[in-house]
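To keep things clear, I will list the structure first and then write my remarks on it.
Note on naming: letters A, B, ... go to the chains in the order of the sequence lines (proteins, then strands), and numbering restarts at 1 for each one. The structure presented is a predicted model; accordingly, all values stated were derived computationally and were not measured.
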Amino acid sequence: METALHKAIELIFSGSALLEDIVWVTVRMSLASSLTALLIGVPFGVLFGSGSFPGKRILVVINRTLMGLPPVVCGLLCYLMFCGVGPLRHLELLYTVTGMVIAQIILITPIVIGMMEPFVSGIYPDIRETARGMGISRIKTLGLLINESRYQIFSTYLMALSRALAEVGAVSMVGGAIAYKTNVMTTAIMNFTNMGNFTTALALGIILLAGSLVINAAVSLMQGRAETWC
Amino acid sequence: MVLRNLKKSYNGRCVLELDELSLEKGKIYAVIGANGSGKSTLAKLAAGVLGHDGGRTEKPDLSIGYMPQKSFAFRMSLRKNMLINGDDAQRAQELLGALKLGHLSEAKAKRLSGGETARMALARLLMRDYELLVLDEPSSAMDIESTLLAERLIRDYRDRTGCAVLIVTHSINQAERIADEVLFLSEGRLIERGSPEKLIKHSENEITRRFIEFYSK
């Protein structure tokens, strides 16, 4: 174990092309999917948290259900859409990074909405009443709401990124874990472990954990800042 | 100005039933009454921030400023909070100074105490000139010194703009100090209105007298 760990650390700093490619694909996919999920999810979270319209409760319940969508089910649905007999086969997204990004967007967007909705519904009544009391326009009130939510938006983004980095079920089904093409850290760890190449698997695990540590530290820092700087 | 159809029910319970309320420009009105008498509901309906039963509250086309019972500070400095409701930086500083918050203009508004937040919220509302000012317990979180400063500021604002001011308060003393006319609500109905002298000291209405006696103890 100690030898494997030592070798894994050596491998991380050796400049391995395979490792670099896996990390690069992972970063590219995770950034694309988490940013897109944020861009889609935040407006919906704000709408669900601040709006009042027929069917809102049903949509919130559906979203909460989707927050628990098993990644393999999401992967299966995307696979069936993108495969040779699927309705979206002409897009040729199966076994591509774009396909993996789409699968992750489906998984992560409900989480973004689910993190924004209760936060916004908690602060919006006071903001609305105060803004209406001053005769401020709806657009300006929305701007004030977004400003008030900025730390929550950033924390939500970091959680989305964290989820994207650690996800394995959907990306392995849609991406196929093809070396130098769609292999990301989580799928590569599985593959290398199955092949008995524990050194590379461990090296990827260390990088993944370090990434997760950085993200969680940032989330904690943001929460601290939100409490002190207001 | 006459506001009509001020009616509101929650879960079938009528909390306010007022056919009309006439207010005169340049006057300060204090609304008093026990908890649940409909004071805040009246303020919200008059300000137009609350939907109500059976149509809309009819009111003349007025610019109305409203300060809710719960003061809210936006996540920015006091100065920026002030400039949400206007762009006159000098006026913002004057208003903050009048409420002894001038030295805190660059401080973070979320770090203010409850009383300071209420003062800032009042100053922020007064950045703009309204024809009707509705204040829901503006000084409930303030100490007596701040309360007196706030009352002076409200009077100055009224004198300058000539607006009508409707203040909801729990304090009989405050109503007596600041109001030109006092409105007494009980169980969603306007029981009596009149000058502070008449209503607070010489009311002939039994319900009003009992309320004043109890709250003056």
Side-chain angles (χ1 to χ4, degrees), chain A residues 42 45-47 49-57 115-158 218-230, chain B residues 40-41 43-51 61-78 80-87 92 106-113 117-118 120-138 163 166 168:
Chain A
V42 168
V46 170
L47 181 69
S50 63
S52 175
F53 52 88
K56 179 182 145 178
R57 279 181 180 226
M115 284 184 74
M116 288 304 297
E117 182 261 324
F119 178 82
V120 171
S121 64
I123 60 168
Y124 185 64
D126 289 339
I127 292 177
R128 182 187 56 190
E129 201 170 61
T130 303
R132 284 179 76 175
M134 291 188 281
I136 286 174
S137 70
R138 285 188 177 192
I139 296 291
K140 197 170 174 186
T141 305
L142 183 66
L144 289 168
L145 176 64
I146 299 289
N147 182 58
E148 214 62 16
S149 310
R150 62 188 192 269
Y151 290 113
Q152 179 67 14
I153 292 172
F154 196 70
S155 295
T156 299
Y157 174 68
L158 291 176
V219 169
S220 177
L221 191 71
M222 290 311 295
Q223 283 168 344
R225 279 204 70 186
E227 280 162 20
T228 51
W229 162 222
C230 301
Chain B
S40 289
T41 304
K44 286 180 183 180
L45 286 176
V49 297
L50 182 69
D61 191 17
L62 298 169
S63 59
I64 302 173
Y66 167 68
M67 180 177 166
Q69 206 173 87
K70 192 175 164 193
S71 302
F72 187 85
F74 289 97
R75 202 183 282 270
M76 51 185 78
S77 69
L78 268 75
K80 286 184 178 169
N81 259 278
M82 298 292 287
L83 296 177
I84 287 172
N85 197 27
D87 49 15
E106 293 304 324
K108 295 153 187 174
K110 287 276 193 211
R111 287 196 182 174
L112 297 176
S113 69
T117 304
M120 187 271 295
L122 176 64
R124 185 177 59 196
L125 184 65
L126 302 185
M127 281 289 287
R128 218 188 286 186
D129 292 349
Y130 301 99
E131 290 165 278
L132 172 61
L133 196 63
V134 182
L135 310 170
D136 193 353
E137 297 190 34
C163 71
L166 192 69
V168 171

Proximal to chain B - members of residues 138-146 of chain A, heavy-atom separation under 4.5 Å: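 Those residues of residues 138-146 of chain A which have a heavy atom under 4.5 Å from chain B are A/Lys140, A/Leu144.
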Using non-hydrogen atoms and a limit below 4.5 Å, what part of residues 126-134 of chain A faces chain B?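 From residues 126-134 of chain A, the residues near chain B are A/Asp126, A/Ile127, A/Glu129, A/Thr130, A/Arg132, A/Gly133, A/Met134.
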Provide the closest heavy-atom pair for [X] versus [Y] in the form atom of the first, atom of the second, distance.
X	Y	value
A/Ile123	A/Ser149	CD1-OG, 3.9 Å
A/Val120	A/Val46	CG1-O, 3.9 Å
B/Ala46	B/Leu132	O-CD2, 4.4 Å
B/Phe72	B/Met120	O-CE, 4.4 Å
B/Ala109	B/Asn81	CB-ND2, 3.2 Å

For B/Tyr66, check ring pair (Phe, Tyr, Trp, His ring centres under 6.0 Å) against everything at least two apart and list the hits.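 Result, ring pair (Phe, Tyr, Trp, His ring centres under 6.0 Å) vs B/Tyr66: none returned.
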Test side-chain contact (heavy atoms from CB on, under 4.5 Å) on B/Met76 and B/Leu83; report intermediate values, then the result. CA-CA 11 Å; B/Met76 51 185 78; B/Leu83 296 177; over 6 Å; no
List the residues meeting side chain to side chain contact (heavy atoms under 4.5 Å, CB included) with B/Gln69, not counting sequence neighbours, and say none if there are none.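 B/Gln69 satisfies side chain to side chain contact (heavy atoms under 4.5 Å, CB included) with B/Ser40, B/Asp136, B/Glu137 only.
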Find out whether the Lys NZ or Arg CZ of B/Lys110 is both under 6.0 angstrom from the six-membered ring centre of B/Phe74 and within 45° of the ring's axis. no
Does any heavy atom of chain A fall under 4.5 Å from the side chain of B/Ala121, the backbone, both, or neither of them?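 Neither part.
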Is there a side chain to side chain donor-acceptor pair (under 3.5 Å) between B/Arg124 and B/Asn85 once you walk through the steps? CA-CA 6 Å; B/Arg124 185 177 59 196; B/Asn85 197 27; over 6 Å; no
